[in-house]
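To keep things clear, I will list the structure first and then write my remarks on it.
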Amino acid sequence: MMKTGITKAPDTAADSAPRVLEDLIHQAERANASDIHLQMIGETARVAFRLDGLMTPAMELPEAVAERVFGRIKFLARLKTYQESLPQDGRIDKSFVGAQNDIRVATYPTVTGEKIVLRLFAQSNAPVLRELELPEGVCVELEHFLRGTSGLLLLTGPAGSGKTTTIYSCLRYLTELGGRHMITVEDPVEQIIPGIMQTEVNEARGLDFACAARHLLRQDPQVLVIGEIRDDQTANLAIRAGLTGHLVISTLHAGSCKGVFERLLVMCRDHYAVWSAVELVLNQRLVRRVCHACNGAGCADCLQTGYRGRVPAVEWLRVDDALRRKVREQGLDSIVPAQPLEFAARRVLQQGITNQTEFDRIFNP
Ligand SMILES: [Zn+2]
């Protein structure tokens, strides 16, 4: 956790739980936080915002206030207010708290007391590709791929590296091109994009990515987004779909562009199909942007973190005949992205968009 100016909420009788909760949500929205964490520890509840991916302490609530706020959250999310020993999930309608979007609620019992996470769904519109601030080369490659009619685009990077946002921006680009039947299977759907058939996996009912993708291909999509390739079945389905006249977009856990192929070639026996289907691989991270208002010193706008907002650092690999030949002759070690990740991030650093501390946090931990 980073050191910030923690404010203590006043513990007065006039302080009603509805107002404390609404203030908290509005403050988090103003700061562009993605989540609010409330954790009972002893006699207080610690409140932290997840801001640009990192936990940032925001406030402490005295026990009496915290109890009422926790109760209020559960009431609004239609959860059992007396239930503290089992996890519960729900949703708060935005109109109940004057929020910009609905809020997902998850409670969990911990050894020090109950923990509640409020997930704020950020802006409802995915940014257009050109607003993502991707390197120009990546934008050109993405647009080229998206104008095509078949092949596979794979994104990799750790959780919270902006893969989903990039995919949503790709979908927005495709809806603007128009004229194509597009289907997604996600876990979960994070944003509704008009004009696209969006579905969710439901592992509890046996509907995993492989099963969903197999059925959805019968719905005759021209564009298919598979949230994540986690197993051989999904990998083979995605490859086959990409080879048979579908534009397929998916993600895969790997640390690098080369790592994507290392995993795929283990999951798919037909290596020739892998090399024919995959057209473009992106490996991305998000780098925090130094706060404009205070130039990194820390201010109210950035909740004393010195950062506000993030920019992507991306390396990309276009699979063409030259690369296929090179890999055939020299093996996987010959895979070198057009612009390695560190190089991309170093440019963000040189442009003064981020600072050395943030660069080191990501690349020299
Ligand atoms: Zn600031």
Side-chain angles (χ1 to χ4, degrees), residues 1-10 19-39 44-61 69 97-101 103 117-128 130-135 157-162 164-166 169 190 284-314 341-342 344-365:
M1 284 217 185
M2 277 172 303
K3 219 172 146 247
T4 54
I6 296 175
T7 52
K8 261 212 191 309
R19 219 193 65 211
V20 174
L21 180 62
E22 283 191 24
D23 286 351
L24 198 59
I25 290 167
H26 296 159
Q27 200 191 334
E29 283 184 336
R30 271 198 307 277
N32 253 331
S34 59
D35 306 80
I36 304 172
H37 291 235
L38 302 103
Q39 163 91 65
T44 57
R46 286 199 191 144
V47 182
F49 294 162
R50 194 161 152 98
L51 212 62
D52 297 328
L54 294 190
M55 295 291 280
T56 311
M59 188 185 286
E60 283 185 12
L61 299 174
V69 168
V97 284
Q100 286 162 13
N101 293 287
I103 295 166
V117 178
L118 305 178
R119 161 64 56 93
L120 310 173
F121 291 98
Q123 78 263 52
S124 50
N125 280 330
V128 298
R130 292 280 165 181
E131 282 171 7
L132 277 184
E133 298 184 74
L134 297 165
S161 59
T164 308
T165 303
T166 304
S169 296
E190 288 179 29
Q284 75 173 70
R285 302 287 183 278
L286 288 176
V287 181
R288 284 185 302 164
R289 186 197 287 278
V290 169
C291 173
H292 280 310
C294 63
N295 218 359
C299 66
D301 276 3
C302 60
L303 295 187
Q304 311 301 329
T305 59
Y307 301 95
R308 195 160 159 83
R310 289 180 289 182
V311 283
V314 188
L341 197 56
E342 263 201 66
R346 206 168 281 284
R347 242 185 36 181
V348 175
L349 178 64
Q350 280 157 359
Q351 288 166 344
I353 295 168
T354 194
N355 57 20
Q356 188 70 43
T357 314
E358 174 68 355
F359 181 90
D360 290 341
R361 183 181 72 83
I362 299 173
F363 295 98
N364 306 310

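Each ligand, and each atom within it, is numbered from 1 in the order the structure gives.
Counting non-hydrogen atoms of other residues, nucleotides and ligands closer than 6.0 Å to CZ of Arg285 gives a total above 12. Within a 6.0 Å sphere centred on CG of Asn295, heavy atoms belonging to other residues, nucleotides or ligands number 12 at most. Heavy atoms from other residues, nucleotides or ligands lying under 6.0 Å from NE2 of His292 number 12 at most.
Side-chain N or O atoms of Gln100 include none that pairs as donor or acceptor with a backbone N or O of Glu29 at under 3.5 Å.
Nearby protein atoms of type N, O or S around the Zn ion (ligand 1) amount to 4 (distance under 2.8 Å).
Remark: of the listed residues Arg289, Arg288, Arg347, Arg289 is the sole one forming a side chain to side chain contact (heavy atoms under 4.5 Å, CB included) with Ile353.
Scanning for side-chain hydrogen bond (donor to acceptor under 3.5 Å, both in side chains) contacts around Asp360 gives Gln356, Asn364, with sequence neighbours left out.
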